[in-house]
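Per chain, numbering begins at 1; letters A, B, ... match sequence-line order.
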Amino acid sequence: MPSRDNQFIQLRRQKLEKLLAAGIEPYPIKSFRTNKIEDILKGKDDWVASNQEVSLAGRLVAMRRQGKLSFGDLEDASGKIQIYVAQNLVGEENYELFKLCDPGDFIQVKGTLFFTQAGEYSLRANQISLLAKNLRPLPPIKEKVIDGKLVRYSALSDVEIRYRKRYLDLLLNPSHRDIFIRRAKIISAIRSFLDEREFIEVETPILQPLYGGANARPFITHHNALDIDLYLRIATELYLKRLIVGGFEKIYELGKDFRNEGMDRIHNPEFTMLELYEAYSDLAGMMDLTESLLKYLAINVLHQSIYKFRGYNIDLSEPFQKASMQNLLKDYLGLELSEDDYDKAVEFCQKHNIDIPPGAGTGKLIYLIYENMIEEQIIQPTFVTDFPKEVSPLAKAKPDNPFWADRFELLIAGYEFANAFSELNDPLEQRARLEAQAALRALGDEEASVVDEDFLEALEYGMPPMGGLGIGIDRLVMLLTENDSIKEVILFPQMKPEQPL
RNA sequence: GGUCCAGUAACUCAGCGGUAGAGUAUCUGCCUUUUAAGCAGAGAGUCGUUGGUUCGAUUCCAACCUGGAUCACCA
C-alpha cells in the first residue's frame, strides 16, 4: 500500500505551493471547452486546414519534455490527443506553469490543430490553464501501437488494487472502462426491449419486514424510529405478485437483491436481478421472451453471436435447446426416476456421495442429482424444464402430473441464466407450500422460505394465471462481456476491509 | 471452511541466510517536431503483519492479514 506521504506526494505538494506562490489557483471554479476530443479526432484534415482555435479539457496522462518544447497526451472520456506546447507560442510565463504540471493533472488547452513532423495529429497550444492539480501520482501509462493494436506496458494489473480502487483501474485500463459501458448498454437495452412490449417498470421495497421469493439467508438491519428489524430483500417476487393482484398485467423490476451467503467468482452479496411478470402468459411465453431478449441483446445490440465464456464458445444465434430434467437424468446418467422412486433415488445419491438433507423427498433428490451431476455439463443455451414441485414452492404444478412444476431454467456454460415458471395463484395451495418450507426451516434449512401472511392474503383476493421470469443481470453481463469473474463486471465488488475498521 | 499460489520502490517484476535489485515512473542537468523520446547523473523500500530459529532473516519455520485459484457450500 502506498504510504501516506512518500517522496512523490511531497513533491506534488511542493509544486502546489509554488503554484499558489505564483498566484495560480490550482482548483479554479470555472472550466471551459469548445469540443470533446472525439469531435477533434473526426475530420482531422478539415480541422488543420481551418486553423480554428479550439479549447480542450481533460486529464494530462503523459508528458514528454524537451527543453523549451514539450509534448503531452490529453485525455477526456471521449478520446485522447497529443498536445504540443512550445515556449515561444504560449509565452514564458505560461510555459513555467506547464512545467509545474504533472501527469494526472486536469488542464485546459487552447490552440489549433496540426500534424507534427512525425505525422502525429496534435493540438498546438496557445495557452494552457490548470483545472485541478493532482497530488498523488498515477501509475505510469506507457503504450505503443504495434500492428494496429495498442500495447500497454506495465499496466495496473494487481486485481486487488483494481477492485479496491476501481477508479485507478478505469483510468489506467481503458478496456475495463468498456466493460461497464457495455454493461450500461445491456441494461438500457433490456429496458427498451421490455418497454416496447408494454411492460411497466416498478420499484418495490428493498427493506422488508419479511423476506421471500427465493431460498437464501438475508441481511438484517434495524429501523430506529420503528424499532424493528428489517430484511434486505432476497428477491422482488412476492411484492411484484401483489402488484399483479392490484391490476397490473405486465411489470418488471430491475434492481439489487441481497443474499447473505458465500462469495465467489459468480456470487456477490448484492447483485442485480431482473424479474418480470406477465398476466395471462405462461411458461411457453416466458421461454419465447427469454430467448428473444438474449438474442436481441447479443445480436442486435452487441452485434456478436458467439461469446467466449468459461473456455467455451457460446453460440447465441442458434435456437436454444429444450430438455426436461427427467430426460436429462436418463440421457446423461442412464437413470430413470419418477415420483415413486424414492428408494432408488436415495441409493443413487449415496452411491455418488450426494448429501441427503433432512426432510428431502424424491423431488429434492432428483433436483440434487441434476444439480450435482448434470448442470455443469450443459454448455450451449438450453431450457431445462419440469423441475420437481418440491423444489419450486412458488410454481404451479403440471396438470398432467402434479409431482412436477411448470418451470424452466436456462442453462449456459453450466450456469443458470434464467428461472421461470407458471406462477402459483391458488392461495390455499400456496399456503400449504410455504408451510412445507417452514417445516424444512424447522428442520434446520436456513435457506427455506418463511410464511408471508400478507402475501397469502393478497393471493386470496385473486391473481390471474401468469408467467414469471428472473434473470441474473451480472451473470448475463459476464457472458456478454466474456468475463469469467463477477467482480470484473461489478464496479465495486464486495471486498474485505484491508484493516479492521 | 479445506487445499494450493501470491504479497519486495508509485507501476510491472527479479532476487533469496550475509548492508535490497532491474525496467518504467520521479528528481537534477542538456535538449524546439517527440511519441514506450533521448543522453548524463541522483534520490526513492517497515521486502504484508507478528512471533520463532540463527552470530545474522526479505530469504527458513509458525500464526495471522489481504487477494487469487480450486474444492465444499450456495441461486
Q: Which of the following nucleotides, B:rC11, B:rA69, B:rU32, is nearest to the side chain of A:Leu156?
A: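 When the side chain of A:Leu156 is considered, B:rC11 is the closest of B:rC11, B:rA69, B:rU32.
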Q: For A:Glu143 and B:rA36, give me the distance from atom CD to atom C1', rounded to whole Å.
A: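 Distance check: A:Glu143 CD to B:rA36 C1' gives 9 Å.
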Q: Check every atom of B:rG67, B:rU32, B:rC74 against the side chain of A:His267 and return the nucleotide holding the closest atom.
A: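 The nucleotide sitting nearest to the side chain is B:rC74.
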Q: Expressed in angstrom and rounded to an integer, what is the separation of A:Lys487 atom NZ from B:rG68 atom P?
A: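 Taking atom P of B:rG68 as the reference, NZ of A:Lys487 is at 4 Å.
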Q: Heavy-atom nearest nucleotide on RNA chain B for A:Pro140 versus A:Phe114: which residue maps closer to 5'?
A: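 Counting from the 5' end, the first nearest nucleotide belongs to A:Pro140.
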Q: Are A:Tyr370 and A:Tyr332 an aromatic pair by the rule of ring centers under 6.0 Å?
A: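 No, they do not, as the ring centres are separated by 6.0 Å or more.
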Q: Give me the distance, rounded to whole Å, that separates B:rA9 from B:rU3 when you measure between the P atoms they each carry.
A: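 Rounded to whole Å, the distance is 29 Å.
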Q: Assess whether a salt bridge exists between A:Glu488 and A:Arg162, defined as any Lys/Arg side-chain N lying under 4.0 Å from an Asp/Glu carboxylate O.
A: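 Answer for the salt bridge query: yes.
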Q: Name the residue from A:Glu237, A:Glu253, A:Arg242 that meets the side chain to side chain donor-acceptor pair (under 3.5 Å) definition with A:Thr204.
A: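 Checked A:Glu237, A:Glu253, A:Arg242 against A:Thr204; only one passes side chain to side chain donor-acceptor pair (under 3.5 Å): A:Glu253.
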Q: Could you work out the separation of B:rA25 and B:rC64 based on their C1' atoms and round it to a whole Å?
A: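 B:rA25 and B:rC64 have their C1' atoms separated by 34 Å.
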Q: Taking atom types as modelled, find out whether A:Arg407 and A:Ser392 have a side-chain donor-acceptor pair closer than 3.5 angstrom.
A: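 Side chains of A:Arg407 and A:Ser392: pair found under 3.5 Å.
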Q: Please state how far atom CD in A:Gln10 lies from atom C1' in B:rA10, giving the value in whole angstrom units.
A: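 Distance check: A:Gln10 CD to B:rA10 C1' gives 14 Å.
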Q: When we call it a touch if two heavy atoms are under 4.0 Å apart, what does A:Asn215 touch: a base, just sugar-phosphate, or nothing?
A: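 The residue A:Asn215 makes sugar-phosphate contact but no base contact.
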Q: Scan A:Ala214 against the nucleic acid and name what it touches under 4.0 Å (heavy atoms): base, sugar-phosphate only, or nothing.
A: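 No contact.
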Q: A:Gln66 has a side chain; which of B:rC11, B:rA25, B:rU34 sits nearest to it?
A: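 Selected nucleotide: B:rU34.
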Q: In whole angstrom, give me the gap between the C1' atoms of B:rC30 and B:rU49.
A: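 Taking atom C1' in both B:rC30 and B:rU49, they lie 46 Å apart.
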Q: With the side chain of A:Asn372 defined as its heavy atoms from C-beta on, choose the nearest nucleotide among B:rC73, B:rA10, B:rU34.
A: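 For the A:Asn372 side chain, the nearest candidate turns out to be B:rC73.
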Q: Answer with base, sugar-phosphate or nothing: what part of the nucleic acid does A:Lys80 contact at a heavy-atom distance below 4.0 Å?
A: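 Touches nothing.
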Q: Looking at every strand, decide which applies to A:Tyr84 at a 4.0 Å heavy-atom threshold: base, sugar-phosphate, or nothing.
A: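 Result for A:Tyr84 = base.
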Q: For A:Arg64 and B:rC39, what is the distance between atoms CZ and C1' respectively, to the nearest whole Å?
A: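 In whole Å, B:rC39 C1' lies 18 Å from A:Arg64 CZ.
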Q: Inspect the contact between A:Lys133 and A:Asp105 and indicate whether a charged nitrogen and a carboxylate oxygen are less than 4.0 angstrom apart.
A: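 Salt bridge present between A:Asp105 and A:Lys133.
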Q: Specify the separation, in whole Å, of atom NZ of A:Lys144 and atom P of B:rU34.
A: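 One finds 15 Å between P of B:rU34 and NZ of A:Lys144, rounded.
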